Amino acid sequence: MDHLTIKIVGPAGFGIKVTGMMLAKHFLRSDCFVFAYTEYPSLIRGGHNTFQVDIAKKEINSAAEKCDILIALNKDSLIKELKNINTSGLIIYDEQIEIDFSLPNKINLLPSPLMEIAKNNGGELMKNTVALGILLGALNLSLENLNKILTETFGHKGAIAEQNKKAVQAGLEWIKNNPINSKIAAQYIMTVNNNKSFKQDNLFISGNQACALGAIAAGCQLYSAYPMTPASEILHYLVAKQQASGMVVHQPEDEIAAVHVALGASFTGSRAACGTSGGGFALMNEGLSLAGMLELPIVIFEVMRPAPATGLPTWTEQGDLMYVVHAGHGDFPRLVLAPGNPTECFLLTQQAFNLADKYQIPVIVLSDKFLGESTYTTSKKLFSKIEKKARGKILIVNQNQLAENQTLFARYKNEKDNVSPRPIPGVLNGEYIANSDEHDEFGLTNESTVCRNEQMKRRMGKTLNLKKEIPLPTLYGPKSANLTLVCWGSMLGPSLDALNEINKDKKQINLIHFSYVWPLPLGLDKFLKQFSKLILIENNFSAQLGILIRQETGTEIKDKILKYDGRPLWKEEIIKTVKK
């Protein structure tokens with residue numbers, strides 16, 4: 001089998017995620033490529049929670065629409081997932097669950113005494129670990145790697161690690177004594193490396209974690225955020241790395257404070273960032289505009305979820321693109337980056353800090369729940385790619401001696417590239433007024449038409465230089481094709497997997513991916529004209545990137561694949577549409 005999809009489902013509080021992560025790491029350490037995707041309601045306990053692990057022998061970039069093996073810890077979750085199992089799929093479930101409902105044809109059942117074994121090995125909460133042992137036995141997988149992972153996961157909890165090992169062993173022994181039909185088992189077995197050692201070339205990392213590591217690599221000195229799903233993991237990760245990185249990680253009382261704390265740090269010359277989701281970003285709008293007027297560099301991570309209002313707090317959507325492009329009051333330049341995978345999260349976050357400093361503007365790194373909370377197999381070599389820190393025209397204490405015959409420094413003076421030198425507090429003769437009102441070159445309030453026109457033209461002039469610097473979208477697949485997929489941000493993964501699947505059948509298509517989504521680069525109109533037919537793929541209702549492309553280039557992409565139900569696009573949905 002070249003691709004196997006395993007899904008664990010049940011109520012919150014029963015270790016669905018931790019079990020899934022251990023399973024994913026087991027396959028990663030068996031030299032497989034793994035992708036993990038989780039769904040959960042906005043509840044602390046209960047509800048229907050899922051953790052899906054896709055395993056392949058070649059690179060995998062997204063989750064499959066349906067699973068091959070379903071591990072169901074309760075009846076309600078089992079019923080809800082019946083439509084999401086492949087034909088001839090296998091269900092591992094507790095034998096106490098009464099199957100008094102219809103099942104899809106050809107589904108294979110493996111009723112197991114999960115509760116009974118769990119109670120004899122630590123209690124009811126061990127059901128997930130017992131099921132893991134049964135799965136290992138059914139797939140003929142090694143227990144040694146998993147035991148190491150159990151020690152890593154629970155080692156800090158002492159006896160808990162040993163308890164979990166016993167539960168896994170008990171599940172494994174049960175399946176050995178009650179073996180699954182060999183013909184059925186053969187459908188799900190992948191050839192994996194069952195040795196103790198593995199290549200260790202790859203890491204298992206989420207988009208949020210990669211953004212956090214990118215901030216550390218960029219030399220971010222302050223990160224300020226109020227917890228908000230699905231951006232919270234960036235905050236949690238940076239808190240855990242605070243001592244090692246030297247970064248100040250601050251949780252203020254709300255998102256209004258978060259953006260202003262970051263701006264205060266930026267004013268002192270520190271590299272600063274804040275993070276949130278759409279609702280929190282709404283509260284940051286006045287601070288965003290302040291950054292535009294003061295020309296303070298700042299990086300804002302906006303990890304999208306469905307809206308409006310609270311929307312679907314724990315689900316995914318690419319619904320905030322138009323919003324972040326137009327957020328704030330009045331005109332001021334900003335850059336919006338939309339990474340497509342953890343590799344781009346890490347590299348583009350570093351770019352975000354460099355470009356924020358170079359142009360003295362806010363830069364928004366736009367992610368979403370699907371990218372932020374999904375976990376990808378990523379080469380560990382990536383994290384040695386550290387960008388040179390380019391601070392732009394910043395004047396540091398004791399590094400620059402400014403002229404003494406001036407009362408104030410001309411902080412907002414007209415320059416050829418529209419970017420003025422930026423002294424930080426303490427630079428000799430570098431005093432200026434950081435003024436939120438319109439101001440002259442020294443920061444002094446000035447409401448004249450001449451001053452307003454000069455300052456607006458200078459600030460907005462940065463956008464043209466940005467357009468010249470940012471690259472055209474990335475092309476994947478053959479240079480010439482009869483059909484071209486167009487996507488941005490997190491939809492890179494499903495689109496790439498669809499591309500690879502379709503091109504197996506000798507139907508050659510290619511893919512354009514935008515990771516620089518605002519401003520759009522110069523020459524985009526000519527670039528798009530070389531493709532004969534375009535299909536736009538977006539995880540939102542109104543095709544927001546399509547609107548921006550038409551606005552900026554005149555090119556209208558009429559054919560679209562759109563989805564906005566809180567779930568990402570599956571590669572199967574793209575393939576089905578393209579093959580029509």
Side-chain angles (χ1 to χ4, degrees), residues 3 21 24 27-28 32-38 52-56 58-64 201-218 230-231 233-234 237 275 301-304 316-318 321 336-352 364-387 470-477 485-501 510-517 537-539 545 567-571 574:
H3 187 130
M21 283 299 291
F27 279 103
L28 182 75
C32 294
F33 288 88
V34 184
F35 184 93
Y37 167 70
T38 181
Q52 180 170 314
V53 181
D54 282 78
I55 308 111
K58 295 181 180 179
E59 183 177 299
I60 182 171
N61 306 286
S62 65
D201 290 338
N202 293 321
L203 299 174
F204 203 44
I205 190 167
S206 71
N208 281 337
Q209 291 168 346
C211 283
L213 285 170
I216 292 171
E233 188 184 18
I234 300 175
Y237 192 89
F301 296 99
E302 212 268 52
V303 188
M304 296 176 284
T316 197
E317 191 170 280
Q318 291 183 306
L321 176 57
V336 183
L337 305 176
N341 54 34
T343 297
E344 289 194 348
C345 286
F346 181 69
L347 297 176
L348 286 176
T349 294
Q350 294 180 70
Q351 277 288 305
I364 298 156
V365 179
L366 192 58
S367 176
D368 55 33
K369 187 262 182 186
F370 177 60
L371 170 60
E373 293 191 346
S374 293
T375 317
Y376 300 63
T377 301
T378 305
S379 171
K380 70 177 184 181
K381 293 178 182 177
L382 163 70
F383 300 99
S384 63
K385 294 181 180 179
I386 309 299
E387 294 274 337
I470 60 177
L472 289 164
T474 305
L475 176 65
Y476 295 87
L485 306 177
V486 180
C487 69
W488 63 278
S490 67
M491 289 300 97
L492 174 62
S495 301
L496 263 181
D497 285 342
L499 171 86
N500 293 333
E501 192 70 31
N510 54 21
L511 166 68
I512 298 170
H513 176 254
F514 285 79
S515 51
Y516 292 77
V517 290
I537 297 169
E538 296 200 48
N539 207 180
L545 178 66
R567 283 72 178 167
L569 272 151
W570 314 117
K571 67 176 181 182
I574 299 171

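Predicted model, so just to flag it, every value in this text is computed and none were measured.
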Backbone N/O of S62 and side chain of D497: donor-acceptor pair under 3.5 Å | yes
Minimum-distance pair of heavy atoms, taken over all atoms of T375 and M21 | OG1-SD, 4.2 Å
What is the distance from atom CD of E59 to atom CZ of F35, rounded to the nearest 0.5 Å?
-> 11.5 Å
Heavy atoms only: give me the nearest S490-P494 pair and the separation to one decimal.
-> O-CD, 3.6 Å
Between L382 and P342, which heavy-atom pair has the shortest distance, and what is it?
-> CD2-O, 4.2 Å
Would you indicate whether the side-chain heavy atoms of L366 and L321 approach each other to under 4.5 Å?
-> yes
Please test I55 against F33 for side-chain contact (heavy atoms from CB on, under 4.5 Å), starting from the C-alpha separation and ending with a verdict.
-> CA-CA 6 Å; I55 308 111; F33 288 88; over 6 Å; no
CD of E373 to CG of D368, rounded to nearest 0.5 Å, is 10.0 Å
Ignoring hydrogens and geometry, is there a side-chain-to-backbone donor-acceptor pair from N539 to R567 under 3.5 Å?
-> yes
Could you give me the CA-CA distance, side-chain angles and deciding distance for F346 and T378, then say whether side-chain contact (heavy atoms from CB on, under 4.5 Å) is met?
-> CA-CA 11 Å; F346 181 69; T378 305; over 6 Å; no
Tell me, please, which residues at least two apart from E302 pass side chain to side chain donor-acceptor pair (under 3.5 Å).
-> none
Can you check whether L511 reaches L492 side chain to side chain, under 4.5 Å on heavy atoms?
-> yes
Looking only at non-hydrogen atoms, find the nearest pair between A63 and D54 and report the distance.
-> CA-OD1, 3.6 Å
Hey, does the side chain of H513 reach the backbone of L475 with a donor-acceptor pair shorter than 3.5 angstrom?
-> no
d(M491 CE, L371 CG) to nearest 0.5 Å is 9.0 Å
Does the side-chain contact (heavy atoms from CB on, under 4.5 Å) test come out yes or no for V365 and L348, once each step is laid out?
-> CA-CA 8 Å; V365 179; L348 286 176; 5.9 Å; no
Contacts of type side chain to side chain donor-acceptor pair (under 3.5 Å), residue E344, not counting sequence neighbours = none
Can you find a heavy atom in the side chain of L213 that is under 4.5 Å from one in the side chain of I205?
-> yes
Does W488 offer a backbone N or O that forms a donor-acceptor pair with the side chain of Q318 under 3.5 Å?
-> yes
Indicate yes or no for a side-chain donor-acceptor contact from N510 to the backbone of G477 under 3.5 Å, with no hydrogens or angles considered.
-> no
Can you name the closest pair of heavy atoms from A64 and H3 and give their distance?
-> CB-NE2, 4.5 Å
Closest contact, heavy atoms only, P568 versus T316 | N-CG2, 3.6 Å
With sequence neighbours excluded, residues passing side chain to side chain donor-acceptor pair (under 3.5 Å) with Y376 | none
Nearest-0.5 Å distance that lies between atom CZ in F383 and atom CD1 in I216 | 11.0 Å
Can any side-chain N or O of E387 pair as donor or acceptor with the backbone N or O of Q351 at less than 3.5 Å?
-> no
From S379 atom OG to K385 atom NZ, the distance as rounded to the nearest 0.5 Å | 7.5 Å
Are the side chain of T349 and the backbone of G214 linked by a donor-acceptor contact shorter than 3.5 Å?
-> no
Got a donor-acceptor contact below 3.5 angstrom from the N202 side chain to the V34 backbone?
-> no
Apply the test side-chain contact (heavy atoms from CB on, under 4.5 Å) to residues E317 and M304: give CA-CA distance (whole Å), side-chain angles for both, the deciding distance (0.1 Å), then the verdict.
-> CA-CA 6 Å; E317 191 170 280; M304 296 176 284; 5.9 Å; no
Residue pair S367 / F301, side-chain heavy-atom distance below 4.5 Å | no
Exam field: side chain E538 to backbone L545, donor-acceptor pair closer than 3.5 Å = yes
CG of N341 to OG of S206: how many Å apart, nearest 0.5 Å?
-> 12.5 Å
Does S384 use its side chain to pair, donor to acceptor, with the backbone of K381 at less than 3.5 Å?
-> yes
